[in-house]
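For the numbers below, each heavy atom of this structure counts, side chains included, while hydrogens, waters and symmetry mates do not.
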Amino acid sequence: MLKYFWWFIIVALLLPVASCRKPGNASTAFYYWKTNFNLNRQQAALLKQTGNNAYIHFFDVSWNDQEKRSYPNAVVQLNEIPAGLNIIPVIYITNKTFENIADTAVTTLAVHCNRLINELAAEKKIGYTTVQVDCDWSLSTRGKYFSFLTAFKKLSQKQLEATIRLHQVKFKDRTGIPSVDRGVLMFYNMGKLNAGLHQPNSIYNEEDAGKYIDYLSVYPLKLDIALPLFSWAIHIRDGRVIQVYGKIGRQQLADRSHFKQIEGQANYRATASFFMEGVYVKQNDIFKLEETDGNTLNTAAKQITQHLPKQQHTTIIYYELANIDLSKFNQETITQISARF
């Protein structure tokens with residue numbers, strides 16, 4: 001009887017510990033990256049079911065070589081905005097812009113960006129408290145980009161986020177840490193695009209992520225996490241990658257009148273020359289399909305949560321809503337992934 005008594009005491013002591021474990025404290029959000037913001041019924045429903053948070057790409061900033069100036073590109077056309085939608089404007093700035101812009105023009109660029117965001121938001125009476133800036137800066141552009149962020153923050157008086165790539169986490173002493181309120185770790189596009197038919201998925205694979213992820217524990221900026229919902233087909237001709245297409249997927253490549261499956265479940269060889277989705281396909285061209293699904297996201301979430309420092313709150317942003325495959329990613333799947341954080 002004595003051994004059962006002690007077993008009971010041990011279990012009783014452990015129960016309060018187990019019951020005190022907090023569930024995941026994360027919000028769910030989606031990127032929307034099309035230039036025409038126009039949600040269909042299913043997309044609007046998914047947003048509402050998962051918290052109504054949308055990071056909408058407002059515009060790009062590109063560099064014009066002929067005119068020697070920066071200019072706004074791919075400016076969003078905002079159509080009907082669902083009631084209660086929490087919108088975070090996102091702007092993407094090419095690294096080439098900071099390679100070419102003069103030091104003295106950085107503050108002016110911040111002024112123009114802040115003004116355009118405000119104009120687009122005012123058209124639809126969008127109130128926003130946070131802006132996200134996306135730029136894959138380099139060592140040579142670090143100074144100008146960081147100066148831009150400082151100037152923009154001062155002008156906008158908003159919470160400011162900056163996207164962070166894995167290499168910028170690992171080599172933080174070299175690449176620098178942007179002076180923003182939060183970072184957003186882009187946990188995808190971590191492998192090299194290549195023509196090797198048996199190479200790991202370049203959107204996400206554990207091996208490539210493992211080269212960087214240990215450094216998360218010492219990265220001093222609080223991080224939200226961006227995860228991929230997309231898939232793409234890598235177009236290969238004569239052993240070389242010639243293009244990547246998000247609009248071409250398994251449905252098109254499974255067409256046996258035009259393709260033959262080769263060397264695994266995700267590689268297809270064209271049996272004739274033809275046009276597909278406006279793309280010229282030459283006979284013997286190969287398409288290597290790289291996909292993400294619920295299992296991919298579960299693996300990614302499990303890997304990253306083992307290294308991400310504890311923080312009061314994390315936003316999980318899924319890329320992206322405009323082209324989401326709702327047969328693979330529904331409310332239940334997304335909610336379960338976010339709950340891991």
Test side-chain contact (heavy atoms from CB on, under 4.5 Å) on Asn53 and Thr315; report intermediate values, then the result. CA-CA 10 Å; Asn53 300 307; Thr315 300; 6.0 Å; no
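- Judged by the 6.0 Å and 45° rule, Lys158 forms a cation-pi pair with Tyr128.
- Residues Phe148 and Thr97 have side chains not in contact (no heavy-atom distance under 4.5 Å, counting atoms from C-beta outward).
- In summary, the aromatic rings of Phe30 and Tyr318 are positioned with their centroids under 6.0 Å apart.
- The pair Arg182-Asp224 counts as a salt bridge, with a side-chain nitrogen and a carboxylate oxygen less than 4.0 angstrom apart.
- Residues Trp33 and Glu320 come closest through the heavy atom pair N-OE1, 3.0 Å.
- The backbone N or O of Thr175 sits less than 3.5 Å from a side-chain atom of Trp137, completing a donor-acceptor pair.
- Using modelled atom types, one side-chain atom of Asn194 and one backbone atom of Lys192 make a donor-acceptor pair closer than 3.5 Å.
- In this structure, the side chain of Lys96 does not engage the main chain of Ser62 through any donor-acceptor pair within 3.5 Å.
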Going through the checks in order, is the ring-ring contact (aromatic ring centres under 6.0 Å, His included) test met by Tyr204 and Tyr188? CA-CA 5 Å; Tyr204 166 78; Tyr188 50 83; over 10 Å; no
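- Residues Phe187 and Ile213 come closest through the heavy atom pair CZ-CD1, 3.8 Å.
- When every heavy atom of Val76 is checked against every heavy atom of His57, the shortest pair comes out as CB-O, 3.4 Å.
- Ser156 and Asn114 share no donor-acceptor pair across their side chains, judged by distance under 3.5 Å alone.
- With hydrogens and angles left out, the side-chain atoms of Gln168 and Asp136 include a donor and acceptor closer than 3.5 Å.
- Counting only distance, with no hydrogens or angles, the side chain of Lys302 and the backbone of Arg340 share no donor-acceptor pair below 3.5 Å.
- Around atom CD of Gln265, no more than 12 heavy atoms belonging to other residues, nucleotides or ligands sit under 6.0 Å away.
- Residue pairs meeting the side-chain hydrogen bond (donor to acceptor under 3.5 Å, both in side chains) criterion with at least one member in residues 268-283, sequence neighbours excluded, are Arg250-Tyr268, Gln252-Glu277, Gln261-Tyr268.
- A donor-acceptor pair under 3.5 Å is absent between the side-chain atoms of Asp285 and the main chain of Val281, judged by distance alone.
- Summarising the local packing, CG of Asp238 is surrounded by 12 or fewer heavy atoms from other residues, nucleotides or ligands at distances under 6.0 Å.
- In this structure, Ile88 CD1 and Tyr32 OH are separated by 15.5 Å, a value rounded to the nearest 0.5 Å.
- Side-chain contact, Thr130 with Glu161: no donor N or O sits under 3.5 Å from an acceptor N or O.
- Dense packing is recorded around NZ of Lys328, with more than 12 heavy atoms of other residues, nucleotides or ligands lying under 6.0 Å away.
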